[in-house]
Amino acid sequence: MIRVGDTMIPMARTVAFTLDGQPASAPEGELLVHAAARHGVFIPTLCHDDKLEPYGGCRMCVVGVEGSPRPLPACATRVAEGMVVSTDSSVPQYQRTLTEMLLAEHLNPDPGGRPNELVDLAEELAAEAPFILPDAKREPYDDRNRFMGYDPDACILCNRCVRYTQEVMQCSALSLEGRGPHARIVPTHGYSWLDTECELCGGCLSACPTGAIYEKFEEGTERPERTLEKVKSTCTFCGVGCQIDLNVDPETQRIVKVTSEPHYVSNEGNLCVKGRFAFNFVHHPDRLTEPLVRGEDGELHPTTWEHAFRVAAEGLLRVKEEHGPQAIGVLSSARLTMEENFLIQKLARTALGTNSVHSCEAT
Amino acid sequence: MGRGATTNSIPEIENARFILVIGSNTTEAHPVLALRMKKAARNGATLVVADPRKIWLTKLAKRHLQLRPGSDVWLLNAIMHVILREGLQDDAYIAEHTEDFDAVAEVVARYTPEEAEQVTGVPAADIVATAREYARERYAAIFYTLGITEHACAVDNIWSLSNLVLMTGHLGYESTGLNALRGQNNVQGLNDAGANPSYLPGYQPLEDPELRRKFGERWGVEVPETPGYRLDQMMSGLHDGRIKALYLIGENPVQTEPNAHHVEEGMEGLDFVVAQDLFLNDSNRRYADVIFPASSFAEKEGTFTNTERRVNRVRKAVPCPGNAREDLRIVVDMAKALGADWPDYRTPEDAWNEFADLAPLWSGIRYDRIEEVGLQWPCTDRDHPGSPYLHAPHPSRPSGKGKFYPVEYQPPIEQPDSEYPFVLSTGRTLYHYNSATMTMREEGVVQKQEDPFVEMHPEDARALGVAEGDWVRLVSRRGELEARAKLGDRVYPGLVWMALHFAEAKVNWLTHDVGDPLIGTPEYKTSAVRVERVGGAIRPAAR
């Protein structure tokens, strides 16, 4: 039994079907693209995103289904009893032709060395643009927001970004506008990203398969995005605990961008404006880099760690001696890790001798 | 009910069929968790929002209960009144798993929806409909945050919610429960770790001599018996001489504490202040004798525990800048400088293991088990899979029974009057984080939200001759500030709202510092202010 809403319904029954001549089985109603993957047959997709409703727009995932007059998109077709599915006959040729057609619409399908599913697919299928369409050049788009850019030339109009805003964010921040060679993605009503109801979450760029929507931080850095090193961590901006990858440039030792993966627990790869973009405080020039001690002149002066610890210990111990341990309060922070907080309360209780350890997160 | 944590898990939200969001502006304060609520609503769940403001979620909500700030107890008691009047309570659950039900039944009998309408401003029919929907749906979940707790009646509000949950048996299974969304990244972990004046790590009461002995033995020193001061007591201790020194770690009390001018006066009287932070802020710049340059989350290893009690790993991605050091190192060296005989704690894992050895509900969580996916406490041994939801099969209090607490309504401490006619409520926005020392350093964020602003209703603005974007002055009994007017119907006439993020217009200059009598939570959500026009859209000279 599985639960759908408040009713228990029997598990979907298992149906038998044929995949490339082999017997296969799947829960009834499973998308063909998923059922095939479980049987080791990986069907390429571009417009498909597991977070979004089935769409079937780009046709890259077409497969042959016996009895159907034309190939069907595996990302929008559900398995049924007795279905006979083939991915090995004419399908590779379709995929190559589709890839070539997509490549032919771009002057430069691979700007910035960003992760790009179209370029990967072209490599895999050994597809090249047979020619470039004369109207391939799409008008560039410039937006004054500092976080996201849009490169219409790399856009394949799969609509994943627009669907993300509609289905996941449930807002109308982006639309697909214009037809044919003039089609492009724009903030709704042609406003700037800053002037729509867009919350700058960057979900659109995480949904983009070709890097057409991208983080602006990348501009000016030489390093292709694909060579960044990822360190998995936990976001620091609220209690949801989104799992993130800090993408670090190994040469400069700086965080260049933040990403997340759909299989990460709690956030499923989604992030908000702070989690995705507000990491630059880490490298901000205002960061404190030296211990400071207030001098006779009343000003703060840089000093050594050794001296700072000595002054701090003397000051606290003097107060303890004169007024007792209850005269010292320790205020810790939810910014710090669990381990640090554990040691801070231990410091209060053992080294200072007071239980007065608390924080502004008393609520 | 016996646990200071959310009862249920984030992934369960999307399967709830009824969601009550009360005192939580979820899309701004917990935006990614709000996506699950959006998904639930898209799947047909009934969403009801109770909030003085027309927050974004009201767009998806079936009903918006626009209650007056501080009238939550009236609203909740009236909902319970309807449930009992119509016999919608879960009698079997009440009999088997709770105690003192009669006391609550007696109190809420006096709280009719019709009278509730007078006090809360919420139509009686909406209260009745909400009560029916909530009580009749099995997969019904409640979410709340600081809109419930930042009142002088914080504990009353939480008890009211808890009464409602117990009465309907909405506890101890999936997609239900009472879920306090934790505001900061590691509030849960900080509390779990025992940074608390009356609890030792793992919520083990300090007053229990056995427990003090257990910790004392492991630590090799006696744990002091005298309870410590809470934050609010430390703040008042600044003035009456009880507190002479503070060690401030990542804290900025002169911005984040209520009645902030008063805090400033108190800080000036201290003998000694040690601070540990990433940036200079208004507290450490002016009052610290020593400042340690600390580490950001990207510069260290460790764990944060999220709002669903999941212990997640934090990993070092980049080195600390200059001579800044990891906080764990600083604390260990500080303890040694104070003469403490501590182990070396070469890694944060050493500290974690000491904690997990001492705190039974965490003892099964070890670093090797949380490399890929975090575990949710309680997790009592190495084979325990963690706990997605609490209070199963029965409430976690020692008696095994959830306790009803009868609650009577107490009006907010400061009421508007002829001199200060507006109610001021405060909160946070999507784009900034607390005192914004981090987010005001992010150009793209500042582009979206730079100037301090105050939300007010167009009717009030018209009466004052104020236009959108004009600067206005807010004055309370304790201070004043200037901010841009942002007009709209997110607030109702008579209510103004402001975020806490702005250093040049600290809303806590205005708030009062009379908190909850039991736990000291400040009443950030209601103060009385007046609003004055200051001459149009030109920014006043810097203060």
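In the text below, chain A, chain B and the rest are named by the order of the sequence lines, each starting its count at 1. The structure presented is a predicted model; accordingly, all values stated were derived computationally and were not measured. Below, each value reflects all heavy atoms present in this structure, side chains not excepted, and no hydrogens, waters or symmetry copies.
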* Structure fact -> Under 4.5 Å to a heavy atom of chain A? For B:V314 that would be both

* Shortest non-hydrogen contact between A:A313 and B:A337, atoms and distance -> CB-O, 3.5 Å

* Structure fact -> Under 4.5 Å to a heavy atom of chain B? For A:F309 that would be both

* To do: Could you check if a side-chain atom of B:L278 sits within less than 4.5 angstrom of a side-chain atom of A:L288, using non-hydrogen atoms only?
  => no

* What part of A:R318 gets closer than 4.5 Å to chain B, counting heavy atoms only: side chain, backbone, both or neither? -> side chain

* To do: Decide, yes or no, whether a salt bridge links B:E28 with A:K274 under the criterion of side-chain N to carboxylate O below 4.0 Å.
  => no

* **Distance-minimising heavy-atom pair for B:V274 and A:A312** => CG2-CB, 4.0 Å

* Asked: Between A:L292 and B:L280, is any pair of side-chain heavy atoms under 4.5 Å apart?
  -> yes

* Asked: Under a 4.5 Å heavy-atom cut-off, does chain B meet the side chain of A:L271, its backbone, both or neither?
  -> backbone

* **Which portion of B:A29 sits near chain A, non-hydrogen atoms under 4.5 angstrom** => backbone

* Is there a donor-acceptor pair closer than 3.5 Å between any side-chain N or O of A:Q345 and the backbone N or O of B:N196? -> no

* With a 4.5 angstrom heavy-atom cut-off, which part of B:R285 approaches chain A: side chain, backbone, both or neither? -> backbone

* To do: Sort B:E299 into side chain, backbone, both or neither according to what part of it lies under 4.5 angstrom from a heavy atom of chain A.
  => side chain

* Mind checking whether B:V373 and A:Y264 have side chains closer than 4.5 Å, heavy atoms only? -> no

* Of the backbone (N, CA, C, O) and the side chain (C-beta and beyond), which part of B:V311 lies under 4.5 Å from a heavy atom of chain A, both, or neither? -> neither

* Asked: Heavy-atom distance under 4.5 Å to chain B: side chain of A:M148, backbone, both or neither?
  -> neither

* **Value rounded to 0.5 Å, distance of CD in A:E290 from CD1 in B:I291** => 12.5 Å

* **Heavy-atom closest pair, residues B:N185 and A:A334** => OD1-O, 3.0 Å

* Asked: Which pair of heavy atoms, one from B:S295 and one from A:E340, lies closest together, and at what distance?
  -> OG-OE2, 4.5 Å

* Checking side chain to side chain contact (heavy atoms under 4.5 Å, CB included) against A:F342, which of B:L328, B:D192, B:V331, B:L358 comes through? -> B:L358

* Option passing side chain to side chain contact (heavy atoms under 4.5 Å, CB included) with B:F297 (candidates A:L246, A:T234, A:T337) -> A:L246

* To do: State whether a side-chain donor-acceptor pair under 3.5 Å links B:E251 with A:S359.
  => no

* Structural part of B:A294 lying under 4.5 Å from a heavy atom of chain A -> backbone

* For the pair B:K244 and A:E322, find out whether any cationic side-chain nitrogen is under 4.0 Å from an anionic carboxylate oxygen. => no

* To do: Using non-hydrogen atoms and a 4.5 Å limit, figure out which bit of A:L300 sits close to chain B: side chain, backbone, both or neither.
  => side chain

* Hey, does A:K346 have a side-chain heavy atom less than 4.5 Å from the side chain of B:Y345? -> yes

* Can you tell which part of B:K336 gets under 4.5 Å to a heavy atom of chain A, answering side chain, backbone, both or neither? => neither

* Asked: Would a distance-only check, ignoring hydrogens and angles, find a side-chain to backbone donor-acceptor pair under 3.5 Å from B:R42 to A:Q170?
  -> no

* Structure fact -> In short, B:V318 meets A:Q253 closest at the heavy-atom pair CG1-O, 3.2 Å

* Let me know if B:T226 has heavy atoms under 4.5 Å from chain A in its side chain, its backbone, both or neither. => both

* **chain A contact via B:P227 - side chain, backbone, both or neither, heavy atoms under 4.5 Å** => backbone

* Structure fact -> Turns out that what part of A:C242 lies under 4.5 Å from chain B's heavy atoms comes down to side chain

* Let me know if B:L181 has heavy atoms under 4.5 Å from chain A in its side chain, its backbone, both or neither. => neither

* Note: A:R349-B:E222 ion pair, threshold 4.0 Å (strictly below) -> no

* Asked: Is the backbone of B:P224 close enough, under 3.5 Å, to the side chain of A:N355 for a donor and an acceptor to pair up by distance?
  -> yes

Scan the side chains in residues 278-286 of chain A for donor-acceptor partners under 3.5 Å anywhere in the protein, sequence neighbours excluded, and list what turns up.
residue: A:N280; atom: ND2; partner: B:E442; partner atom: OE2; Å: 2.8
residue: A:H283; atom: NE2; partner: A:I255; partner atom: N; Å: 2.8
residue: A:H284; atom: ND1; partner: A:D286; partner atom: N; Å: 2.9
residue: A:D286; atom: OD2; partner: B:R441; partner atom: NE; Å: 3.0
residue: A:D286; atom: OD2; partner: B:R441; partner atom: NH2; Å: 3.2

* Give a yes or no on whether the backbone of B:N323 and the side-chain of A:W305 come within a donor-acceptor separation of less than 3.5 Å. => yes

* Where is the tightest heavy-atom contact between A:A351 and B:A340, given as atom of each residue plus distance? -> CB-CB, 3.9 Å

* B:I249: which of A:L331, A:L336, A:L347, A:V357 passes side chain to side chain contact (heavy atoms under 4.5 Å, CB included) -> A:L336

* To do: Would you check if there is a donor-acceptor pair between the side chains of B:E308 and A:S266 at a distance under 3.5 Å?
  => yes

* **Contact origin within A:V240 toward chain B - heavy atom pairs under 4.5 Å** => both

* Looking only at side chains, do A:R335 and B:N186 share a donor and an acceptor under 3.5 Å apart? -> no

* Is chain B contacted by the side chain of A:V311, its backbone, both, or neither, given a heavy-atom distance below 4.5 Å? -> both

* Ion pair check, A:E167 and B:K39, cut-off under 4.0 Å -> no

* Asked: Are the side chain of B:R315 and the backbone of A:S233 linked by a donor-acceptor contact shorter than 3.5 Å?
  -> no

* Asked: Does any non-hydrogen side-chain atom of A:R287 lie less than 4.5 Å from one of B:P293?
  -> no

* **Full working for side-chain contact (heavy atoms from CB on, under 4.5 Å) between B:R242 and A:Q326** => CA-CA 7 Å; B:R242 275 179 293 130; A:Q326 287 295 89; over 6 Å; no

* **Per-residue contact mode, A:E197 against chain B (heavy atom under 4.5 angstrom)** => side chain

* Contacting moiety of A:C235, where chain B heavy atoms sit under 4.5 Å -> backbone

* Steps toward side-chain contact (heavy atoms from CB on, under 4.5 Å) verdict (B:M334, A:L316) -> CA-CA 11 Å; B:M334 186 67 224; A:L316 292 174; 3.9 Å; yes

* Structure fact -> Value for CG (A:L343) from CZ (B:F355), rounded to nearest 0.5 Å, stands at 11.5 Å

* To do: Indicate yes or no for a side-chain donor-acceptor contact from B:R230 to the backbone of A:H358 under 3.5 Å, with no hydrogens or angles considered.
  => no

* Asked: Of the backbone (N, CA, C, O) and the side chain (C-beta and beyond), which part of B:L60 lies under 4.5 Å from a heavy atom of chain A, both, or neither?
  -> side chain

* To do: State the CD1-CG distance between A:I328 and B:L270, to the nearest 0.5 angstrom.
  => 11.5 Å

